Peer 1: 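Let me begin by handing over the structure; questions about it come next.
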Number of protein chains: 2
Amino acid sequence: MNEISFAVLGTGGIGRRTLEVSQYRDGLIPVAVCDRGGIAVDHDGLDVGELLDATEGNVASGPDEVDDDQDTVTDGGVSTDAGGVKQTGEGAGVVASEQGRPTETPIDDIIAKSDRIDAVLIALPNLEHDFIPRVADRFAEAGYEGVLIDVLKRSRVIGLLDERAETLEDAGITFVCGAGATPGFLTGAAALAAQSFVEVDEVEIWWGVGLRSGYEDNRGTVREDIAHLDGYDIETARALSDEEIEAIVAEHGGVIEFNDMEHADDVLLERAGVCDVEDVTVGGVLDVRTDEKPTTTTVSVTGTTFDGERGTNTFRLDDDTSMAANVNGPALGYLKTGVRRNRAGEYGVFGPAELMPRF
Amino acid sequence: MNEISFAVLGTGGIGRRTLEVSQYRDGLIPVAVCDRGGIAVDHDGLDVGELLDATEGNVASGPDEVDDDQDTVTDGGVSTDAGGVKQTGEGAGVVASEQGRPTETPIDDIIAKSDRIDAVLIALPNLEHDFIPRVADRFAEAGYEGVLIDVLKRSRVIGLLDERAETLEDAGITFVCGAGATPGFLTGAAALAAQSFVEVDEVEIWWGVGLRSGYEDNRGTVREDIAHLDGYDIETARALSDEEIEAIVAEHGGVIEFNDMEHADDVLLERAGVCDVEDVTVGGVLDVRTDEKPTTTTVSVTGTTFDGERGTNTFRLDDDTSMAANVNGPALGYLKTGVRRNRAGEYGVFGPAELMPRF
């Protein structure tokens, strides 16, 4: 495979670690990065080490983003912040790098350079449900012909992207949605595990997350999960104060179990023809007080074989593989596949379960 | 996805069951089948039920094929015969179906119809190592522009196909090799499981097969596995009499464990960029005296994450999923993917670990 130039929108946890992981993967050249206040572009390849060092603990973001990054992605439950101290104002974020320069229009600036960019990972907080779909619109309107990829997890975002499928197809854009750990990695595993069967009866996706840095640093993003608890939804969770979140976490002894979560796994598996939406269940356990995973992330696919046997194939992630590893590795793998599809002229919206991530 | 018309060369276990399983999958139209003495073609779709009923226990094959189907595929170890009584001569095999007609040139007859066939599953015994590669040559020479797919497992066959990659590419053929259980299904799982890691240290593929019909019916194909035992190779295994094979099986109490098998899993994972050939080990246990699997088919991928942790992700097939289910489901899944690649203009030789099988 030829080299792939890619950009990352956003330098929170996902964005930073994607840049980091890309250095271990063959053929991936990070050429552009932006955050809310700055942009860095080098078509020969950014100096990722310098960029990460300069911005360590210095992520440009406002309080809105810290509190509201609903829908950002996880190995199941929890959004992945950098964990560093967030700063705002001059000198914060990408501009702290010697490769960066300030801008008030970071996304437009990336779009302006996008004719030389094969793929763009959108690692922005999805502030409103249609924020990332609208970013896609802007790329399409500007005539971008490449790959866009996100790591979102909520079903309704996929719907918004699907509404844009024709526009994206006409533009020559290949959009890979939900390409992180879940739905990305785990629906890919489910689609593969389904191959033994002629009828898939049930897909159970069960994740475990132990937060390395405790819940203090991730309180804002624990909202995303609290919205899945009985008695809460996105709106009520969004309205909670930090203290209220802390109280909910304490009520659960720091270990919260989630069941029947609204994750896009279901719609993505249905798209891929594996099973119906209602055959998919997603849940997991979040432990905010230890680094250890409280339960093993497991995909179980139960089905019936052509010869009438019923069985359950399973895919298990080692407890020692971090949420970050399971988000960023697959995201880059799916990005590579997206570029291959794009170069072959396949445009539109793709779910991970329709693709195999390249290594 | 649009409908896919496909042909099956060979009506042994793999061929028959592929036809059977295809009836459960959306969009797959079996339009042509052949064996050594006959051919059946219907571009509107064969009546699979009639064909299978008419040929049940009536597979056209000579003693050579029964004894020599080295390299035919397995869920690990053992080639999958129909298990029926083999017959030869007039009235045997496909011609026993009311859809069949006799021919002395079955493959050429399929080739003559191939401009209306999207994919051809080559489920023939690989009598010599280059038999299936030479079948590919014949399709290429005849101007076929579609998908060829096999379910072979030996590394050296992949090499022979690779030598033809350019010819196949020029012809417009997409060849998917080794698309059965192993290497197909299990290398796909390994490639996916590798996504947590930036460095894959080891891939261990371990299969269990319990032979439903006992080893009597499969004695000829147990040779393939015996060739992997210490003190044997393909040539010496081929020279064994049935009695000698029986004696070896009895010596092992009917349960034979295999280690460091020459399976194409290693070369296919290297092609996919997952790891080096020498990082892959393939082994398993064959129990010829019970239907139960003697061990659980498991793929273990051990690697190091970007954050320096070492872990092992695993993929397990339920013991109740038969070898046949794990060969034929993935074969059809990869066939579908192959057609998609072919329609997008991607030609040449592909390993399963580079593709996700469609459902």
Side-chain angles (χ1 to χ4, degrees), chain A residues 1 17 20-21 23-26 181 184-185 188-189 191-200 269 272-275 302-303 305-307 309-322 324-326 328-330 332-334 337 340-341 344-346 352-359, chain B residues 1 17 20-21 23-26 181 184-185 188-189 191-200 269 272-275 302-303 305-307 309-322 324-326 328-330 332-334 337 340-341 344-346 352-359:
Chain A
M1 180 185 265
R17 282 190 292 255
E20 188 178 347
V21 175
Q23 299 186 285
Y24 298 96
R25 295 287 189 96
D26 291 335
F185 196 7
L192 194 69
Q195 292 289 324
S196 300
F197 308 116
V198 293
E199 182 68 38
V200 172
L269 286 169
V274 173
C275 59
T302 301
T305 62
F306 81 102
D307 44 5
E309 297 287 341
R310 199 153 187 270
T312 302
N313 293 341
T314 52
F315 180 73
R316 283 199 175 81
L317 298 181
D318 193 294
D319 287 350
D320 286 337
T321 62
S322 64
N326 293 323
N328 294 285
L332 286 169
Y334 285 119
T337 303
R340 183 163 171 175
R341 300 276 61 75
E346 291 190 56
E354 304 163 65
L355 305 170
M356 170 70 90
R358 294 182 73 84
F359 199 71
Chain B
M1 180 185 267
R17 282 190 292 256
E20 190 178 346
V21 175
Q23 299 186 285
Y24 298 96
R25 295 287 188 96
D26 291 335
F185 196 7
L192 194 69
Q195 292 289 325
S196 301
F197 308 116
V198 293
E199 181 69 38
V200 172
L269 286 168
V274 173
C275 59
T302 301
T305 61
F306 81 101
D307 43 6
E309 296 288 341
R310 199 155 186 270
T312 301
N313 293 342
T314 52
F315 180 73
R316 283 200 174 81
L317 299 180
D318 193 293
D319 288 349
D320 286 337
T321 63
S322 65
N326 293 324
N328 293 284
L332 286 169
Y334 284 119
T337 303
R340 184 164 172 175
R341 299 276 61 74
E346 290 190 56
E354 302 164 66
L355 306 170
M356 171 70 88
R358 294 183 74 83
F359 198 68

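All chains are named by letter (A, B, ...) in the order of the sequence lines, taking the proteins before the strands, and each is independently numbered beginning at 1. In this text the structure is predicted, and so the values were computed from the model without any measurement.
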Peer 1: Under 6.0 Å from the CD atom of A:Q23, do we count more than 12 heavy atoms belonging to anything else shown?
Peer 2: yes
Peer 1: Does A:D318 reach the main-chain N or O of B:N313 with its side chain, forming a donor-acceptor pair under 3.5 Å?
Peer 2: no
Peer 1: Of all heavy-atom pairs between A:S196 and B:A325, which one has the smallest distance, and what is that distance?
Peer 2: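 The answer is O-CB, 3.5 Å.
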Peer 1: Looking at A:V21, A:V274, A:L332, which makes the most heavy-atom pairs under 4.5 Å with chain B?
Peer 2: A:V274
Peer 1: Is B:L355 in contact with chain A via its backbone, its side chain, both, or neither, using a 4.5 Å heavy-atom distance?
Peer 2: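 B:L355 touches chain A through backbone heavy atoms alone.
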Peer 1: Search all heavy atoms of A:D320 against all heavy atoms of B:R310 and return the closest pair with its distance.
Peer 2: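 Minimum heavy-atom contact is CB-O, 3.7 Å.
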Peer 1: In terms of heavy-atom pairs under 4.5 Å with chain A, which of B:V200, B:T312, B:D26 leads?
Peer 2: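 Winner by heavy-atom pair count: B:T312.
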Peer 1: Write down the atom of B:F197, the atom of A:T321, and the distance for their closest heavy-atom approach.
Peer 2: CE2-CG2, 3.7 Å
Peer 1: Could you pull out the closest heavy-atom pair between B:F306 and A:Y24, with the gap in Å?
Peer 2: O-OH, 3.9 Å
Peer 1: Counting heavy-atom pairs under 4.5 Å with chain B, which one of A:A193, A:G345, A:G303 comes out on top?
Peer 2: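 With the most close heavy-atom pairs to chain B, the winner is A:A193.
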Peer 1: List the atom of B:L192, the atom of A:G188, and the distance in Å for their closest heavy-atom pair.
Peer 2: CD2-C, 3.5 Å
Peer 1: Considering non-hydrogen atoms only, spot the tightest contact between A:E354 and B:R358 and give its length.
Peer 2: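 Heavy-atom minimum between the residues: O-NH1, 4.3 Å.
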Peer 1: Can you tell me which portion of B:A189 sits under 4.5 Å from chain A's heavy atoms? Options are side chain, backbone, both or neither.
Peer 2: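 B:A189 touches chain A through backbone and side-chain heavy atoms alike.
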Peer 1: Against chain A, label B:A353 side chain, backbone, both or neither, depending on which of its atoms sit under 4.5 Å from a heavy atom there.
Peer 2: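 It is the backbone, since no side chain atom gets that close.
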Peer 1: So which part of B:R341 gets closer than 4.5 Å to some heavy atom of chain A, the side chain, the backbone, both or neither?
Peer 2: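 It is the side chain, since no backbone atom gets that close.
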Peer 1: Is there a donor-acceptor contact under 3.5 Å from the side chain of A:Q195 to the main chain of B:P357?
Peer 2: yes
Peer 1: Can you tell me which portion of B:R25 sits under 4.5 Å from chain A's heavy atoms? Options are side chain, backbone, both or neither.
Peer 2: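 Contact with chain A involves the side chain of B:R25 alone.
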Peer 1: Just verifying a value: how many Å separate A:E20 CD and B:D307 CG, rounded to the nearest 0.5 Å?
Peer 2: 8.0 Å
